[in-house]
Protein chains: 2
Amino acid sequence: MVDAGTGRPMRADARRSYDRILKAADAAIARDGATTSLEEIARNAGVGSATLHRHFPSRRALLNAVFHDRIEGICAQAHRLIDAPDAGVALIDWLGELCRYSAKTRGLAPALLQWAGDDRPLVQDSSCHSMLHDAGDRLLRRAREAGQVRPEVSIDDLLTLVNAISLVTEANSAAIVVDDEADRLFAIAVEGIRPATN
Amino acid sequence: MVDAGTGRPMRADARRSYDRILKAADAAIARDGATTSLEEIARNAGVGSATLHRHFPSRRALLNAVFHDRIEGICAQAHRLIDAPDAGVALIDWLGELCRYSAKTRGLAPALLQWAGDDRPLVQDSSCHSMLHDAGDRLLRRAREAGQVRPEVSIDDLLTLVNAISLVTEANSAAIVVDDEADRLFAIAVEGIRPATN
DNA sequence: ACCTGAACACCGTTCAAGT
DNA sequence: ACCTGAACACCGTTCAAGT
């Protein structure tokens, strides 16, 4: 493990703090969502609040770290689908998986928003959002070349749409809501509301 | 103006407080969104914070009051469209208007979420959400009877989808985002991403 | 009946002081 | 180099005391 700022290896105690914060954050976010108390995370990690802030200068940085591995797994799935027989189906399947997963994982949808906070200009970063963007773009390009997708639809459009559905599903999740709400909305969003033409 | 709790007319000073809070809330929400500080609203209204809490027991109650008139206007528009020549187009037009308006009005999308907070079971209430539900349902039924909409699509599906798009657009609005993002997403969501079949 | 100001228990962020 | 605890300026909510 390497310090993000200096690029040098982390001291043992720093590494230990980092790991404990990440573990506590994971549990807290799963329970209370993306706006959970950072102070409580530090408390549960047995760490001073200032330590949390040095390791993760913003809430967004913490969210990105928490979800990094899982998002990497989803991107790997996109890589596997790049050889699927039907390029259009592969794209839809992957987006649907992302949507379902994101809708049921508290905190993930908010983490994927393209905030213009105090973060760097998102050029060539390794945030969850840009990882998904790159992985999805390959599937989209192939589907577009196969004539399966309207040429004016961008990967940003599709990811934002999926994110929108996940966001509203998570926000509504305390209400009386069918648990496949994300599935229903995704199907409508992708297929249109007109009667099927077959 | 009538007190929501007792149903009796409000005393003059209560009415004055109510109006000043609403005016201050409107400005604050337009500037900072639905999570703006209630305390600051009370300060700007020249009112004690406890006064705000009695008039509006929850943040949601305040949001509903702030947007009530505007939502009523949009519902009136739905009523006018009920006689439009093409029932399917009327539905899409109305949803598109709602989407555009909601996306550009800070705080409105969050106010329309179907939270299950400490609020009553939403039976026959006059919240913004239920007003839109009733108005939209008429347009949808007519479009469905005309065979313009798949029978399994509900008004909740459509309103939630529109709300999802508005929500993500508002959340992204500080980022580098084309200002017609809501339009693009709405078009995709409603028309599907497959090539046009004409 | 309505409003006020203070009290309470929380936040996130920062900074001097410790090891 | 890294961590800690305290300090600071904020929240939302509640309640006794005022008019």
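Order of the sequence lines fixes the chain letters, A, B, ..., with proteins taken first and strands second; residue numbering starts at 1 for each chain.
- Residue A:S17 is in sugar-phosphate contact alone, with no base atom involved, counting any heavy-atom pair closer than 4.0 Å across all strands shown.
- The side chain of B:R54 places no N or O atom within less than 4.0 Å of a non-bridging phosphate oxygen (OP1 or OP2) of C:dC2.
- Atom CZ of B:R70 has more than 12 heavy atoms from other residues, nucleotides or ligands within 6.0 Å.
- Base pairing annotation: D:dT13 forms a Watson-Crick or G-U wobble pair with C:dA7, both donor-acceptor distances under 3.5 Å.
- Nearest-nucleotide assignment on DNA chain C puts the 5′-proximal partner with B:A14, out of B:A14 and B:E39.
- Across the protein-nucleic acid pair, A:R20 atom CZ and D:dC3 atom P stand 11 Å apart, rounded to whole Å.
- Shown here is A:R138, whose CZ atom has no more than 12 heavy atoms of other residues, nucleotides or ligands within 6.0 Å.
- Spacing between atom CG of A:L38 and atom P of C:dT14 amounts to 12 Å, rounded to whole angstrom units.
- A:D13 has its CG atom 14 Å from the C1' atom of C:dG18, to the nearest Å.
- If you check D:dG18 for Watson-Crick or wobble pairing at under 3.5 angstrom, you find it paired to C:dC2.
- Note on A:S37: only backbone sugar-phosphate atoms sit closer than 4.0 angstrom, heavy atoms only; bases stay farther off.
- Distance NE2 (B:H53) to C1' (C:dC8): 14 Å, rounded to an integer number of Å.
- Rounded to an integer number of Å, the gap from A:I21 CD1 to D:dT4 C1' is 13 Å.
- If you chain together hydrophobic residues whose side chains sit under 4.5 Å apart, A:V89 and A:F186 never meet in one group.
- Between D:dT4 and A:T51, a contact under 4.0 Å exists linking OP1 or OP2 to a side-chain N or O.
- Straight-line distance from the CD atom of A:E40 to the C1' atom of C:dC10: 11 Å, rounded to whole Å.
- Protein atom CG of A:L62 is 13 Å distant from nucleotide atom C1' of C:dG12, rounded to whole Å.
- When each of D:dG5, C:dG12, D:dT14 is scored by its nearest atom to the side-chain atoms of A:A50, the top-ranked nucleotide is D:dG5.
- Among the candidates A:I71, A:L22, A:I21, the single residue satisfying the side-chain contact (heavy atoms from CB on, under 4.5 Å) test with A:V66 is A:L22.
- Comparing A:S49 and B:H55 against DNA chain C, the residue whose closest nucleotide sits nearer the 5' end is B:H55.
- Distance, A:F56 CZ to C:dG12 P: 15 Å, rounded to whole Å.
- In summary, the side chains of B:S154 and B:D157 do present a donor paired with an acceptor at a separation below 3.5 Å, with no hydrogens or angles considered.
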